[in-house]
Amino acid sequence: MLRVFRFALLACLSIPVHAEPPADGYRQLEQIRRAAGMPTLQQEAHLQQAADAHARYLLENGLNSHEEQPGLPGFSGIGPSERAASAGYASRAVTENLSYGQSGFPDSIDALMTGIYHRLGFLDPTLDQIGIARPSIESPRYVYELGNRRYARQCLTAGEASQGSYYTGVCNPEKRLPAKDYDAATQTTRSASPALILWPPPGANHVSPAFFEESPDPLPDRAVSGNPISVQFNPYYIGQVSMLSFALFDATGALVENTRLLDHANDPNQHMNDHQFALFPLDRLEWGQDYRVELRYIADGKQASREWRFHTRNPDELPVFRVSRNGSLLQVAANSRFAVYLPPTANADRAGSVNWIANSADAVKDVHFIDPNTLSISLGGALGSQVNLSTGSGVSFSIRIIAGQALQAAAYRFPSGSCVENGETARYEATSGTLTLPHVLVDGSAGFDATLRLADGDPRVVFDITALTPSTRDISCRSASFDSHTGRLDIPDVLAAGLGDYRAELGLIQEDGRARLALQSLEAR
């Protein structure tokens with residue numbers, strides 16, 4: 001006799017709440033499944049009813065749990081299987097995802113897709129039906145019930161096995177379901193999905209960079225890490241599989257070394273099967289960056305490989321400042337909105353809280369958390385206004401308004417060893433979109449004058465290198481400085497200082513009707 005088991009999971013975040021209709025949730029799950037190359041999840045009325053009932057129970061009792069207690073208002077069944085049965089669903093093979101605290105179905109699903117166990121539920125090739133619910137527009141509780149339509153149909157139509165292999169725990173009411181019928185239904189459902197189910201999918205360009213805790217927790221020793229990269233080998237196509245290497249590379253091509261591979265053998269909660277693998281970057285991924293994944297494995301005795309790329313999103317599509325040390329000064333335009341990223345440290349994995357003091361009453365329009373490490377800040381105020389901010393994690397930094405209306409954001413990352421000759425000027429021509437950086441070191445080689453041009457058709461205003469002209473001048477870079485009146489950009493010889501490389505954030509600003517390039521932040525990487 002064989003028995004089918006299912007498990008349910010919970011994820012929690014706490015951010016502002018705004019109502020979203022369930023249709024948005026169905027639509028986003030449809031997009032997710034299609035991006036993974038899978039058939040969409042069909043809406044099912046009984047699963048929808050079960051989700052509605054549990055969502056109302058959670059709201060009425062102020063709870064956030066997969067288990068219900070008999071006697072409490074709204075009780076409809078102890079676990080997901082019992083609640084599905086109460087709603088009239090014929091199969092007990094039901095998986096439940098639950099989240100709490102998000103601002104709508106899209107944010108709820110995004111949070112669940114960063115949690116590896118929840119993600120594997122949404123991307124399970126044996127599941128093809130779903131019902132979702134939110135009890136009210138005021139409640140930040142979200143319930144997702146998933147099932148298999150072929151199991152449900154067999155529970156209604158198949159005869160009960162009197163001999164041979166059979167499964168129990170599949171049907172409502174209980175019956176001995178012939179193993180051949182159940183296995184055929186499983187394989188037929190799996191056959192509609194690809195051999196490898198990858199997430200983030202190849203070419204994804206809006207990937208969340210971080211994973212925060214879920215319950216149960218796959219990384220109990222870390223409160224925050226990078227969004228895991230997962231691969232599921234579809235058992236319909238692949239019988240036995242072993243992983244040879246699973247690697248992540250950043251935009252420069254460098255290996256992301258601080259990672260942990262989670263699989264069936266070392267999963268601390270024993271929820272992953274022997275066809276599921278997840279690579280966790282133990283440090284958060286960067287906002288707005290390209291990454292490449294390399295996978296080598298043996299499937300049914302044959303060695304194979306797979307490579308794909310994805311791009312992490314910018315928070316709320318805003319320009320991002322990276323602040324990792326006290327005393328940083330950000331220079332921005334008036335009436336601008338941007339994000340400030342505070343990378344987790346060993347002593348402070350989350351910012352915790354934020355306080356600020358401004359030298360003008362109208363300088364700060366809004367400050368709120370996008371995630372536990374990232375702030376959204378909107379400033380007004382006059383030129384010269386300054387805001388001093390401090391976080392609960394002990395990081396303090398300042399923001400100064402240096403110019404008028406910001407037009408667009410631009411970013412250029414200098415290679416290791418880059419510098420601009422002290423006293424030279426970085427020139428930007430608005431009409432041609434050309435940026436000239438005098439005397440740039442390229443990977444420690446001789447100096448060059450670099451010419452960059454705005455990338456066509458890119459709303460983020462990314463600069464492409466179009467020319468490197470050899471320079472014979474000696475290097476005498478000493479300190480970083482920026483003159484907001486002349487637009488002068490001076491970058492120190494970071495290679496000689498032994499600090500690694502710098503990341504410079506620049507922005508197009510407008511003064512007296514003219515557009516020019518100004519430094520918004522400069523920070524050692």
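Owing to the predicted nature of the structure, the values given are computational and were not obtained by experimental measurement.
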Student: Report the residues that fulfil side-chain contact (heavy atoms from CB on, under 4.5 Å) with K365, sequence neighbours left out, ordered by chain and then residue number.
Tutor: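 Expected list: N335, S378.
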Student: Looking only at heavy atoms, what is the nearest atom pair of P216 and P218, with distance?
Tutor: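 Closest approach of P216 to P218: O-CD, 3.5 Å.
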Student: Kindly state each residue pair satisfying disulfide (SG to SG under 2.5 Å) with at least one member in residues 141-236, sequence neighbours excluded.
Tutor: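 Qualifying pairs: C155-C171.
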Student: Does N273 use its side chain to pair, donor to acceptor, with the backbone of Q276 at less than 3.5 Å?
Tutor: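 Between the backbone of Q276 and the side chain of N273 there is a qualifying donor-acceptor contact (under 3.5 Å).
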Student: Scan I32, L112, L127 and name whichever one has a side chain to side chain contact (heavy atoms under 4.5 Å, CB included) with F122.
Tutor: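 Exactly one pass, corresponding to L112.
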Student: Between Y89 and Q129, do the side chains contain a donor N or O and an acceptor N or O under 3.5 Å apart?
Tutor: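 The criterion, which ignores hydrogens and geometry beyond distance, is satisfied for Y89 and Q129.
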Student: Measure from NZ or CZ of R134 to the centre of the six-membered ring of Y142 and say whether it is under 6.0 Å with the direction within 45° of the ring axis.
Tutor: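 Judged by the rule (NZ or CZ under 6.0 Å from the ring centre, within 45° of its axis), R134 is not positioned above Y142.
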Student: Between H275 and I238, which heavy-atom pair has the shortest distance, and what is it?
Tutor: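 What the structure gives for the nearest pair is NE2-O, 2.9 Å.
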Student: Would S108 and S99 count as having a side-chain donor-acceptor pair, cut-off 3.5 Å?
Tutor: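 Distance-only check passes for S108 and S99.
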Student: Report yes if the side chains of P315 and W287 come closer than 4.5 Å at any heavy-atom pair, otherwise no.
Tutor: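 Side chain of P315 against side chain of W287, heavy atoms only: contact under 4.5 Å found.
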Student: Would you check if there is a donor-acceptor pair between the side chains of D110 and Q28 at a distance under 3.5 Å?
Tutor: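 D110 and Q28 do have a side-chain donor-acceptor pair below 3.5 Å.
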Student: Applying side-chain contact (heavy atoms from CB on, under 4.5 Å) to I116 and S230, what does each step give before you reach the verdict?
Tutor: CA-CA 8 Å; I116 188 60; S230 64; 3.7 Å; yes
Student: Return the minimal non-hydrogen interatomic distance between E145 and P80, and the atom names on each side.
Tutor: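 Heavy atoms of E145 and P80 come nearest at OE1-CB, 4.0 Å.
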Student: Within the side chain of S86, is there an N or O that forms a donor-acceptor pair under 3.5 Å with the backbone of S76?
Tutor: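 Side chain of S86 to backbone of S76, a donor-acceptor pair under 3.5 Å: yes, one is there.
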Student: Please tell me if the side chains of T391 and L389 come closer than 4.5 Å, counting only heavy atoms from C-beta onward.
Tutor: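 Answer no - side chains too far apart.
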Student: Can you tell me how the ring of Y151 sits relative to the ring of Y182, calling it parallel under 30°, perpendicular over 60° and tilted otherwise?
Tutor: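 Plane angle under 30°, so parallel.
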Student: Any side-chain heavy atom of S324 sitting closer than 4.5 Å to one from Y341?
Tutor: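 Side chain of S324 against side chain of Y341, heavy atoms only: no contact under 4.5 Å found.
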Student: Are L123 and M38 side-chain neighbours, meaning at least one heavy-atom pair lies under 4.5 Å?
Tutor: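 When only atoms from C-beta onward are counted, M38 and L123 do touch, with a gap below 4.5 Å.
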Student: Just by distance, no angles: are the side chains of N234 and S193 close enough, under 3.5 Å, to form a donor-acceptor pair?
Tutor: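 Their side chains do not contain a donor-acceptor pair, so the 3.5 Å distance test is not met.
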Student: Counting C-beta onward and ignoring hydrogens, is there a side-chain heavy-atom pair between V323 and F397 closer than 4.5 Å?
Tutor: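 Yes. Closest side-chain heavy atoms under 4.5 Å.
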Student: Stepwise, does the side-chain hydrogen bond (donor to acceptor under 3.5 Å, both in side chains) test hold for N227 with R119?
Tutor: CA-CA 11 Å; N227 195 347; R119 178 194 300 176; 2.7 Å; yes
Student: Does R292 pair with E294 as a salt bridge, N-O distance under 4.0 Å?
Tutor: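 Yes, charged N to carboxylate O under 4.0 Å.
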Student: What distance do H264 atom NE2 and H271 atom NE2 have between them, rounded to the nearest 0.5 Å?
Tutor: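 So the gap between those two atoms works out to 12.5 Å.
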Student: Kindly determine whether D290 and H311 satisfy side-chain hydrogen bond (donor to acceptor under 3.5 Å, both in side chains), including the steps that lead there.
Tutor: CA-CA 4 Å; D290 292 313; H311 184 86; 2.6 Å; yes
Student: So do T374 and D371 actually touch side chain to side chain, heavy atoms under 4.5 Å?
Tutor: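 In short, these two side chains touch, coming nearer than 4.5 Å.
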Student: Is there a salt bridge (charged side-chain N to carboxylate O under 4.0 Å, His left out) between E213 and R222? Walk through the geometry before answering.
Tutor: CA-CA 8 Å; E213 296 158 307; R222 303 186 78 89; over 6 Å; no
Student: To the nearest 0.5 Å, how far apart are CG in L295 and CD in E307?
Tutor: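 Spacing of CG (L295) from CD (E307) equals 10.5 Å.
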Student: Classify the side-chain pair S191/Y237 by whether it contains a donor and acceptor separated by less than 3.5 Å.
Tutor: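 Short answer, no.
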Student: Determine, step by step, whether T345 and N347 satisfy the side-chain hydrogen bond (donor to acceptor under 3.5 Å, both in side chains) criterion, reporting the C-alpha distance in whole Å, the side-chain angles of both residues, the deciding distance to 0.1 Å, and the verdict.
Tutor: CA-CA 5 Å; T345 65; N347 297 323; 5.4 Å; no
Student: Are D128 and R150 close enough for a salt bridge, meaning some N to O gap below 4.0 Å?
Tutor: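 Answer for the salt bridge query: yes.
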Student: Is there side-chain contact between V143 and I132, with at least one heavy-atom pair below 4.5 Å?
Tutor: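 Counting from C-beta outward, V143 and I132 never come under 4.5 Å.
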Student: How far apart are the closest heavy atoms of P201 and W199, and which atoms are they?
Tutor: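 What the structure gives for the nearest pair is CD-CE3, 3.4 Å.
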Student: Should D267 and Y117 be marked as a side-chain contact (heavy atoms from CB on, under 4.5 Å) after you check the CA-CA gap, both sets of side-chain angles, and the distance that decides it?
Tutor: CA-CA 11 Å; D267 176 9; Y117 302 137; 2.4 Å; yes
Student: Without hydrogens or angle criteria, can the side chains of S65 and E67 be said to hold a donor-acceptor pair below 3.5 Å?
Tutor: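 S65 vs E67: no donor-acceptor pair found between side chains.
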Student: Measure the spacing between CG of D183 and CG of L177 and express it to the nearest 0.5 Å.
Tutor: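 Going from the CG atom of D183 to the CG atom of L177 covers 9.5 Å.
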Student: Is D316 salt-bridged to R337, going by a charged N under 4.0 Å from an acidic O?
Tutor: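 A salt bridge is present here (some side-chain N lies under 4.0 Å from a carboxylate O).
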Student: Mind checking whether F338 and F321 have ring centres under 6.0 Å apart?
Tutor: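 Yes: the rings meet the under 6.0 Å criterion.
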Student: As a quick check of understanding, evaluate side-chain hydrogen bond (donor to acceptor under 3.5 Å, both in side chains) for E317 and H206, giving each step before the final call.
Tutor: CA-CA 10 Å; E317 304 304 322; H206 199 71; 3.2 Å; yes
Student: Specify the closest pair of heavy atoms between A351 and F369, including all atoms of both residues, with the distance to one decimal.
Tutor: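 Heavy atoms only, the tightest pair is CB-CE2, 3.6 Å.
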Student: Give a yes or no on whether a salt bridge exists between D349 and R284, defined as a side-chain N under 4.0 angstrom from a carboxylate O.
Tutor: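 So D349 does not pair with R284 through a salt bridge.
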Student: Do F233 and Y297 have ring centroids that are under 6.0 Å from one another?
Tutor: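 Y297 vs F233: aromatic centres under 6.0 Å.
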Student: Under the 3.5 angstrom rule, does the side chain of D300 hit a backbone N or O of G239 as a donor-acceptor pair?
Tutor: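 Present.
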Student: Regarding E68 and H54, do their side chains bring together a donor and an acceptor under 3.5 Å, going by distance alone?
Tutor: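 E68 vs H54: donor-acceptor pair found between side chains.
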Student: Would T114 and E214 count as a side-chain contact (heavy atoms from CB on, under 4.5 Å) if you check the C-alpha gap in whole Å, the side-chain angles of each, and the deciding distance to 0.1 Å?
Tutor: CA-CA 9 Å; T114 65; E214 65 179 326; over 6 Å; no
Student: Under a 4.0 Å N-O cut-off, is there an ion pair linking E82 with R92?
Tutor: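 Looking at R92 together with E82, the answer is yes, because their closest N to O distance falls below 4.0 Å.
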Student: Report the C-alpha separation of V231 and F246 in whole Å, then their side-chain angles, then the decisive distance to 0.1 Å, and conclude whether the side-chain contact (heavy atoms from CB on, under 4.5 Å) test is met.
Tutor: CA-CA 10 Å; V231 55; F246 198 165; 3.8 Å; yes
Student: Begin with the C-alpha distance, continue with both residues' side-chain angles, and end with the deciding distance and a verdict on salt bridge (charged side-chain N to carboxylate O under 4.0 Å, His left out) for R34 and E30.
Tutor: CA-CA 6 Å; R34 285 181 175 173; E30 179 178 332; 3.1 Å; yes
Student: Is R27 paired with D24 through a side-chain N to carboxylate O contact shorter than 4.0 Å?
Tutor: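 Answer for the salt bridge query: yes.
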Student: With a 4.5 Å limit on heavy-atom distance, are the side chains of L47 and I130 in contact?
Tutor: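 Not in contact.
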Student: Throw together a table of side-chain donor-acceptor distances under 3.5 angstrom for residues 253-262, partners on residues two or more places apart or in other chains.
Tutor:
residue	atom	partner	partner atom	Å
N258	ND2	D283	OD2	3.2
R260	NH1	D221	OD1	3.0
R260	NH2	D221	OD2	2.8

Student: Can you label the angle between the Y291 ring and the F310 ring as parallel, tilted or perpendicular, going by 30° and 60°?
Tutor: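 Plane angle under 30°, so parallel.
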Student: A cation-pi test, strictly: NZ or CZ of R141 under 6.0 Å from the centre of the six-membered ring of Y100 and no more than 45 degrees from its axis. Yes or no?
Tutor: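 Ring-cation test returns no.
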Student: Between R296 and S305, which heavy-atom pair has the shortest distance, and what is it?
Tutor: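 Scanning both residues completely, I find the closest heavy atoms to be CG-CB, 4.0 Å.
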